[in-house]
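I have placed the structure first, in the form of structure tokens, so that the comments after it can refer back to it.
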Amino acid sequence: MVSIRIMMAEGCEDLFPSKAHPSDAAYDIKASVDITVPVGISTLVPTGMKMEIPFGYEAQVRPRSGLALKHGVTLTNSPGTIDAGYRGEVGLIVINHGQEPFEIRRGDRVAQMVIAKLAECELVAANELGDSDRGYGGFGSSGRN
């Protein structure tokens with residue numbers, strides 16, 4: 001088991017990331033302030049959380065499906081990556097695709113976080129690539145379904 005060290009800002013200890021259910025893949029991330037996200041605007045939502053992620057891992061910050069479905073609220077850069085070397089406060093870049101400003105209250109679950117192990121790989125320059133069933137077909141090349 002890998003340990004992720006998390007430091008909460010003073011007064012934000014109650015916002016420590018948690019899972020709603022033991023079987024959940026992701027930890028809920030909460031807002032540390034009241035903030036309004038205007039329609040069509042990306043807004044940085046602070047969390048009061050800093051992390052120490054071990055080398056070879058990343059934290060992926062993802063939208064909450066309920067906020068997206070019910071309110072049109074999601075993350076602009078999804079998934080967002082928190083690198084092992086970053087020690088600053090985690091901020092959530094939230095965008096409102098809904099019809100009216102969206103109010104976030106301190107303690108609201110705004111995003112979710114998955115800890116992922118990174119594959120060790122080497123990128124190698126090549127002059128040609130091997131064949132595949134798909135070939136060079138791009139967007140929509142495999143049909144609608």
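Heavy-atom basis, side chains included; hydrogens, waters and symmetry copies ignored. If you're wondering where the values come from, they're calculated on a predicted model, not measured in any experiment.
A donor-acceptor pair is defined here as one N or O able to donate and one able to accept, closer than 3.5 Å; such a pair exists between the side chain of Glu89 and the backbone of Thr47. With hydrogens and angles ignored, the 3.5 Å screen pairs no side-chain donor or acceptor of Gln60 with any backbone N or O of Ile115. Within the 3.5 Å criterion, the main-chain N or O of Val37 finds no donor-acceptor partner in the side chain of Thr43.
The CE atom of Met49 sits 10.0 Å away from the CG atom of Leu15 when rounded to the nearest 0.5 Å.
Contact detail for Asp34 and Arg105: the closest heavy-atom pair is OD1-CA, 3.3 Å. In plain terms, the two heavy atoms of Pro63 and Gln112 that are nearest each other are O-NE2, 2.8 Å. Across all non-hydrogen atoms, the minimal contact from Ile104 to Val110 is CG2-CG2, 3.8 Å. In plain terms, the two heavy atoms of Pro17 and Met8 that are nearest each other are CD-SD, 4.3 Å. Taking each heavy atom of Arg109 and Ala20 in turn, the nearest pair found is NH1-CB, 4.3 Å. A pairwise comparison of heavy atoms in Val45 and Ala31 identifies CG1-CB, 3.7 Å as the closest pair.
Side-chain heavy atoms closer than 4.5 Å link hydrophobic residues (I, L, V, M, F, W, Y) into clusters, and following such links, even through other members, never connects Val114 to Val2. Linking ILVMFWY side-chain heavy atoms closer than 4.5 Å, directly or via other members, places Ile53 and Met7 in two distinct hydrophobic clusters. Hydrophobic clustering, with ILVMFWY side chains joined whenever heavy atoms are under 4.5 angstrom apart, keeps Ile95 apart from Val61. Met113 and Leu118 are assigned to two separate hydrophobic clusters, defined by single-linkage of ILVMFWY side chains at heavy-atom distances under 4.5 Å. In the hydrophobic clustering of this structure, Leu44 does not group with Ile41; members are Ile, Leu, Val, Met, Phe, Trp, Tyr whose side-chain heavy atoms approach within less than 4.5 Å, directly or through other members.
Tested against Phe102, the residues Thr36, Ile35, Leu67 include a single side chain to side chain contact (heavy atoms under 4.5 Å, CB included) partner, Leu67.
Atom CZ of Arg5 has 12 or fewer neighbouring heavy atoms from other residues, nucleotides or ligands inside a 6.0 Å radius. Counting heavy-atom neighbours within 6.0 Å of Glu13 CD, excluding the residue itself, gives a total above 12.
Side-chain contact between Asp28 and Arg64 is present, with heavy atoms from C-beta onward closer than 4.5 Å. The side-chain heavy atoms of Pro38 and Asn96, taken from C-beta on, include no pair separated by under 4.5 Å.
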Scan the side chains in residues 71-85 for donor-acceptor partners under 3.5 Å anywhere in the protein, sequence neighbours excluded, and list what turns up.
from	atom 1	to	atom 2	distance (Å)
Thr76	OG1	Ser42	OG	2.7
Thr81	OG1	Glu58	OE1	3.1

Intermediate values then yes/no, side-chain contact (heavy atoms from CB on, under 4.5 Å), Lys30 and Ser18: CA-CA 9 Å; Lys30 302 169 187 130; Ser18 60; 3.5 Å; yes

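Not counting sequence neighbours, the partners of Asp14 by the salt bridge (Lys or Arg N to Asp or Glu O under 4.0 Å) test are Arg106.
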